[in-house]
Amino acid sequence: MDFDVIVVGGGHAGLEAAIIAAKMGARVHLLTILVENIALASCNPAIGGLGKGHLVKEIDALGGVMGEITDQCGIQYRTLNASKGPAVRGTRAQIDMDSYRIYARNLALNTKNLTVSQEMALEVILDSRKQRAIGVRTNIGKTYTAHKIIITTGTFLRALVHIGESKISNGRFGESASNELSANLESMGLKLGRLKTGTCPRVDGRSIDFSHLEQHNGDENPPHFSYHTHNFAPEQLPCFITYTNERTHTIIRENFYRAPLFTGQIESVGPRYCPSIEDKINRFADKERHQLFLEPQTKSKTEYYINGLSTSLPFDVQEQVIASITGLENAKITRYGYAIEYDYVEPTELYHTLESKQIASLYLAGQINGTTGYEEAAALGLMAGINATLSLQKIEPKRFCFPIEQLVLHRDEAYIGVMIDDLVSKGTKEPYRVFTSRAEYRLLLREDNAIYRLLESARAIGGINQKDYERFAKDKQDIAKTLDMLHNFHLTPNKATQEFLARLNLPPLNQKAPLIQLVGRDTFSAFSDLEEFLHKHYKKPKQNPLTDFKDSPPQDEIPSFSTLSQEALQQIHIESKYNSYIQKQQNAIANMHTMLQVRIPKDFSYQGISGLSLEVIEKLSKARPESLFAASQISGITPASLEVLHLYIHLHTKSKYS
């Protein structure tokens, strides 16, 4: 073979797939339509957000590059939901779109084991039995062969750009659609669907009147994404807020008859959580205004992206709409908004590794899987790259030797696991995006603990160097040891304890309590004071009227908080604060894992089970899985279905032997 892995498509998914596979030792070739547009932010100039920020942190933890590039190329950083609990907070950064793609391009071109060429893939080549992908044929007549093929084509498959009555065969405005490859995938038996997304107009920064707009600044202490980033002090630029108004809405309503969304010109489904402005005016007719964010696209502030104004209205209507908005009365459009329809492959056609069920050695990642968003694409690309490379061990065991055969993250391990499980188990009929609400165990899947959650997985695939691994492994050990001590160490509500709490402006104790309750209080941060207090008052259990130790640990077992990293102390505080809730989620996970080991009796009938849909009953009856774990691997079988099934298996067994 010419290569170990070929990656088709140079978007966010393709970049992550190519770089992680190369980092793991594979010889990788990346095919992209335009080398200049590798990892281009083709829509909004931002990375992260609610749920999406979790993905970026997880990508970074596993050895991906999105977080690193964002920290280098960001122009504003904020923590969303900062006033809420850590599970639902999200880091978001405005990026310099030009710097981002240039940094990404240079990163790709300077990555060991990775080569890049500017070509369009037309066909995936199969072996003689038509069961395995072995290569790719391109538009310049070249054929490349590889053990593994990863397709990350974004919105380019048989794509149509819509602006008013105009329809253009583009994958992005100005870039050719990929029609041949779409037909080729369909001819292989892959089930294709059709989705829609869109983008907003951009305007010349010099033509905006900012004097009446609300300024929106980044955080004073900006958060960053990558654990590689140190001494973070970026220059930050403001965004601005304006609103649509009744005049705006009237213009749009009067032109519904020219909107592709309503004329039937657009036939596919768009993202529910990011509707176009014409869709918002139609669906929420009672709203007097809609908020718009003016986001600088680069440090030079030459262009601003009007977030919230996604549209496919005709050129002239877009001009009228923008001129009706405060601050944009004289704004000059540099790029018009548009909608784009494109093909995707039903994600239920994939295993959890993202390999095709029909065509061996063919992996799909990114928007071709039915997702929307840079972050979702990057995460899928990373996982496809990892699993494609891990599978090379069976082909060349002398070159590739990892402690795991595949990396499948479960729903209790990562948002990446939640997303992939949702896609391959349930499928999607609309562009899928990650939300914190999709995760059953979101208190365990926080942004702040991504590196600790995924540390061993990163080590197994070589996604983290030994020095960083040892640093975080020590943190994990320190956190576990300290939390154990805090559980067992009890304070009594006596005079010295109450005086100590008063000095820290903390409420007094009403009864004997484990130390974890003190450390978990919202305003607690005085670890050094606590350490001093413990060492001062703990001599021997009999001589200590202030503190009662369960199991009486010796003096040297009391941790020195001053030796712990700030990251470890942060984890200790959060884990202490949500201790009881975390315990409940961990117990639920343990129960789920136990449940999945339950065997399904051979004579068990699925017919007539209340709580299971007809589709689920049909799939289970056909597959006849041997266990609940085997059932969980069948597409469309949800955790709720498994719980119902578990109950009926119990009732079946009970009635059989009663």
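Computed from a predicted model, the values in this text were never measured in an experiment. Below, all heavy atoms of this structure are taken into account, side chains as well, without hydrogens, waters or symmetry copies.
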Look up atom OH in Y338 and atom CZ in R172, then write down how far apart they are to the nearest 0.5 Å. 7.5 Å
Side chains of E447 and K57, heavy atoms from C-beta outward: is any pair under 4.5 Å? yes
Any non-hydrogen side-chain atom of F173 less than 4.5 Å from a side-chain atom of I168? yes
So for atom CD, which belongs to E618, do other residues, nucleotides or ligands contribute more than 12 heavy atoms lying within a distance under 6.0 Å? no
Keeping D2 on the side-chain end and A146 on the backbone end, is there a donor-acceptor pair under 3.5 Å? no
Do the non-hydrogen side-chain atoms of Y100 and H12 ever get within less than 4.5 Å of each other? yes
Count the heavy atoms of every other residue, nucleotide or ligand shown that sit under 6.0 Å from CZ of F402, and state whether that count exceeds 12. yes
Quick check for you: to the nearest 0.5 Å, what is the distance between L628 atom CG and L596 atom CG? 6.5 Å
Any donor-acceptor pair under 3.5 Å linking the side-chain atoms of E68 with those of Y103? yes
So for atom CD, which belongs to E405, do other residues, nucleotides or ligands contribute more than 12 heavy atoms lying within a distance under 6.0 Å? no
For a quick check under 3.5 Å, do Y432 and D422 share a side-chain donor-acceptor pair by atom type? yes
Could you please spell out the steps behind the side chain to side chain donor-acceptor pair (under 3.5 Å) verdict for S356 and E349? CA-CA 6 Å; S356 167; E349 299 263 316; 5.7 Å; no
Is a side-chain donor or acceptor of T428 paired with a backbone partner of P431 at a separation under 3.5 angstrom? no
Any residue meeting side chain to side chain donor-acceptor pair (under 3.5 Å) with S641, in chain and number order, not counting sequence neighbours: T638
Quick one: do Y273 and F435 satisfy ring pair (Phe, Tyr, Trp, His ring centres under 6.0 Å)? Show the steps, please. CA-CA 10 Å; Y273 306 102; F435 290 102; 4.5 Å; yes
Beyond-backbone contact of F225 with T91, side-chain heavy atoms, under 4.5 angstrom: yes
How long is the gap from CG on D98 to CD on E36, to the nearest 0.5 Å? 10.0 Å
In this structure, CD1 of I306 is separated from OG1 of T199 (nearest 0.5 Å) by 10.5 Å
Testing the 3.5 Å rule here: is there a donor-acceptor pair between the side chains of Q406 and S391? no
Would you say T197 and Q367 are linked by a side-chain donor-acceptor pair, where the criterion is simply a distance under 3.5 Å? no
Whether over 12 other heavy atoms sit under 6.0 Å from Q118 CD: yes
Would you find more than 12 non-hydrogen atoms of other residues, nucleotides or ligands less than 6.0 Å from L614 atom CG? no
Please determine whether salt bridge (Lys or Arg N to Asp or Glu O under 4.0 Å) holds for the pair R453 and E58, giving the CA-CA distance in whole Å, both sets of side-chain angles, and the decisive distance to 0.1 Å. CA-CA 9 Å; R453 286 188 278 118; E58 291 174 357; 3.0 Å; yes
Can you find a pair of side-chain heavy atoms, one from Y363 and one from K148, that are under 4.5 Å apart? yes
Quick one: do the S226 and D71 side chains pair a donor with an acceptor below 3.5 Å? no
Side chains of L160 and R194, heavy atoms from C-beta outward: is any pair under 4.5 Å? yes
State, without any angle test, whether T138 and E119 hold a side-chain donor-acceptor pair at a distance under 3.5 Å. yes
Output yes when a side-chain donor or acceptor of S613 lies under 3.5 Å from a complementary backbone atom of V616, and no otherwise. yes
Compute whether any side-chain donor of one residue and acceptor of the other, for E346 and T348, lie under 3.5 angstrom apart. no
Does a side chain donor of either N37 or E175 reach within less than 3.5 Å of an acceptor in the other side chain? yes
Please indicate whether K191 has more than 12 foreign heavy atoms, meaning atoms of other residues, nucleotides or ligands, lying under 6.0 Å from its NZ. no
Taking C-beta and beyond as the side chain, do L192 and Y344 meet within less than 4.5 Å on heavy atoms? no
Could you grab the distance from atom CD1 of I416 to atom CD of E375, nearest 0.5 Å is fine? 12.0 Å
Atom OG1 in T155, atom CD in E341: separation rounded to 0.5 Å? 12.0 Å
Verify, without hydrogens or angle tests, whether D421 (side chain) and H410 (backbone) share a donor-acceptor contact under 3.5 angstrom. no
H29 versus T115, side-chain donor and acceptor atoms under 3.5 Å: yes
For the residue pair H54 and Y415, categorise the inter-ring angle as parallel (less than 30°), tilted (30 to 60°) or perpendicular (more than 60°). tilted
Give the C-alpha distance, both sets of side-chain angles, the deciding distance and a yes or no for salt bridge (Lys or Arg N to Asp or Glu O under 4.0 Å) between R446 and D448. CA-CA 5 Å; R446 308 184 305 273; D448 58 79; 3.1 Å; yes
So do V8 and M120 actually touch side chain to side chain, heavy atoms under 4.5 Å? no
Please assess E430 against R272 for the test salt bridge (Lys or Arg N to Asp or Glu O under 4.0 Å), listing each intermediate value before the final yes or no. CA-CA 7 Å; E430 64 182 23; R272 183 189 312 182; 3.2 Å; yes
Kindly indicate, with the supporting measurements, whether the criterion salt bridge (Lys or Arg N to Asp or Glu O under 4.0 Å) is fulfilled by D4 and R399. CA-CA 11 Å; D4 297 312; R399 282 184 56 215; 2.8 Å; yes
Taking the side chain from N81 and the backbone from V88, do they hold a donor-acceptor pair closer than 3.5 Å? yes
Is there a donor-acceptor contact under 3.5 Å linking the side chains of R132 and S361? yes
